Amino acid sequence: LQKAAGMLVARVQHRMPKCLHSPSFAGVELSVNNNALDFTLSAASGSVLSLSCLVQNNSQAEELVWYRGDGTVDLKAGNKENVSNICISVTADDNGVAFTCKLKRDQSVQVSVILDVQFPPALSGGETLWVEEEEDVTLNCNSKSNPQGQAIWYKNNNTLTLEQKRYQVYQTSDVYQLSIKKAQKSDNGTYTCLVKSDLGEGRKDFHLIVEDKKPVFPTEAIIAAAVVVALTIIFGIVARKGKIFKVW
């Protein structure tokens, strides 16, 4: 019976997994604003956000570090141990930026917050462009916004009718362009780029002045004529060099 019991214990011990040595930070987790996983946080430009990073399941004091993108955030001495708070004055430049809280001694333990900053189109003012007839011209109306805006073009306060092959509109998330091929005198006027989004709108005026086409001088013909004149003078001097020497 004792022999059988010994064999049973040996089998049980054989089946039990071997205990591995665990690093001192095993089980330690972080949370930011009660989120243990990366998350996106929406905010309006001009608002102030508070982010709180908390160490969980720790058996000792842990130091925390914050990053904005790849750069570290300066923290006061009393704002690093086990709990760390940062306040962000949100601007449009923070859109898409990640703020990450990390455990200093094992920076693989981390939680990131990606900011989704909402802001309206920001463009204003005006620009004057001069172009000669038959030249191409492009009006650049660049403006970032979130959510993305849509551009409407006007000429002299009327919706611009896009003539095929003469006008071309190009738009990306923050670039709005109007190209005019072979400008004519009839293209003179004020063009307005109006960018609208759910949060507002912005506009920019372009004053286009189409000037008379300057006459093209026959450069090659002028050079050839100058060469002919120069050679004639040289040959004349050579032909008369005998008389010139006699005078001297």
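Predicted model, so just to flag it, every value in this text is computed and none were measured.
At a threshold of 4.5 Å between non-hydrogen side-chain atoms, the residues N95 and L115 do not count as touching. Using a 4.5 Å heavy-atom threshold, the side chains of E211 and E135 count as separate. Contact check for P120 versus E201: no side-chain heavy atoms found under the 4.5 Å cut-off. Two residues are said to be in side-chain contact when any heavy atoms from C-beta on lie closer than 4.5 Å; Y154 and L160 fail this criterion. Considering only heavy atoms from C-beta on, L123 comes within 4.5 Å of C141 through its side chain. With contacts defined as side-chain heavy-atom distances shorter than 4.5 Å, the pair L208/K155 does not qualify. Looking only at side-chain heavy atoms (C-beta outward), V65 and L75 stay at 4.5 Å or farther from each other. With contacts defined as side-chain heavy-atom distances shorter than 4.5 Å, the pair Y167/D187 qualifies.
Within a 6.0 Å radius of CG in D70, other residues, nucleotides and ligands contribute 12 heavy atoms or fewer. Other residues, nucleotides and ligands contribute at most 12 non-hydrogen atoms within 6.0 Å of the NZ atom of K196.
When all heavy atoms of D38 and S112 are compared, the pair lying nearest together is OD1-N, 2.8 Å. For L30 against Q110, the heavy-atom pair with the smallest separation is CD1-CA, 4.0 Å. Heavy-atom minimum distance, N82 versus Q60: OD1-O, 4.0 Å. Considering all non-hydrogen atoms of both residues, V48 and C87 come closest at CG1-CB, 4.5 Å. Taking all atoms of both residues into account, the shortest heavy-atom contact from D94 to S89 is OD2-O, 3.7 Å. Nearest heavy atom pair, residue V28 against residue V109, reads O-CG1, 3.8 Å.
In this structure E81 satisfies the salt bridge (charged side-chain N to carboxylate O under 4.0 Å, His left out) test with no other residue, sequence neighbours excluded. For K185, the salt bridge (charged side-chain N to carboxylate O under 4.0 Å, His left out) partners at least two apart in sequence or on another chain are D212.
Panel note: side chain N85, backbone S50; no donor-acceptor pair is recorded below 3.5 Å. Side-chain N or O atoms of N35 include one that pairs as donor or acceptor with a backbone N or O of N33 at under 3.5 Å. The closest donor-acceptor contact from the side chain of N146 to the backbone of V117 lies under 3.5 Å. Within the 3.5 Å criterion, the main-chain N or O of E29 finds no donor-acceptor partner in the side chain of N57. With hydrogens and angles ignored, the 3.5 Å screen pairs no side-chain donor or acceptor of D116 with any backbone N or O of L41.
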May I have the list of side-chain donor-acceptor pairs in residues 174-183 shorter than 3.5 Å, sequence neighbours left out?
unit_1: Y176; atom_1: OH; unit_2: G149; atom_2: O; d: 3.3
unit_1: Q177; atom_1: NE2; unit_2: N140; atom_2: OD1; d: 2.8
unit_1: S179; atom_1: OG; unit_2: T138; atom_2: OG1; d: 3.1

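The CD atom of Q118 sits 5.5 Å away from atom OG of S42, with the distance rounded to the nearest 0.5 Å. Between D136 atom CG and E134 atom CD the span is 9.5 Å, to the nearest 0.5 Å. Here W66 contributes atom CH2 and T100 contributes atom OG1; the two are 8.0 Å apart, rounded to the nearest 0.5 Å. A distance of 7.0 Å separates CD1 in I209 from CG in N188, rounded to the nearest 0.5 Å. Here R68 contributes atom CZ and D74 contributes atom CG; the two are 13.0 Å apart, rounded to the nearest 0.5 Å.
The cationic atom of K144 (NZ for Lys, CZ for Arg) does not lie both less than 6.0 Å from the six-membered ring centre of F119 and within 45° of the ring axis.
No chain of hydrophobic side-chain contacts below 4.5 Å, direct or via other Ile, Leu, Val, Met, Phe, Trp or Tyr residues, connects L139 to L194. When the side chains of ILVMFWY residues are joined at heavy-atom separations under 4.5 Å, either directly or via intervening members, I152 and Y170 end up in two distinct hydrophobic clusters. L54 and V113 fall into different hydrophobic clusters, where Ile, Leu, Val, Met, Phe, Trp and Tyr side chains are chained together by heavy-atom contacts under 4.5 Å. Under the 4.5 Å side-chain heavy-atom criterion for Ile, Leu, Val, Met, Phe, Trp and Tyr, I86 and L64 are members of the same hydrophobic cluster. Connection of Y67 to V73 is not established within any shared hydrophobic cluster, with ILVMFWY side chains joined at heavy-atom distances below 4.5 Å, either directly or through further cluster members.
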Let me see the working for V32 and F39 under side chain to side chain contact (heavy atoms under 4.5 Å, CB included), right down to the final yes or no. CA-CA 9 Å; V32 174; F39 65 101; 4.2 Å; yes
V111/C53 under side chain to side chain contact (heavy atoms under 4.5 Å, CB included): CA gap, chis, key distance, verdict
CA-CA 8 Å; V111 177; C53 184; over 6 Å; no
Salt bridge (Lys or Arg N to Asp or Glu O under 4.0 Å) assessment of R105 paired with E63
CA-CA 8 Å; R105 63 192 180 99; E63 186 173 345; over 6 Å; no
Between Q184 and R166, is the side chain to side chain contact (heavy atoms under 4.5 Å, CB included) condition met? List the steps.
CA-CA 10 Å; Q184 303 171 4; R166 283 243 306 127; 4.1 Å; yes
E132 vs K213, side chain to side chain contact (heavy atoms under 4.5 Å, CB included): CA-CA, chis, key distance, verdict:
CA-CA 5 Å; E132 292 184 13; K213 189 173 183 179; 4.1 Å; yes
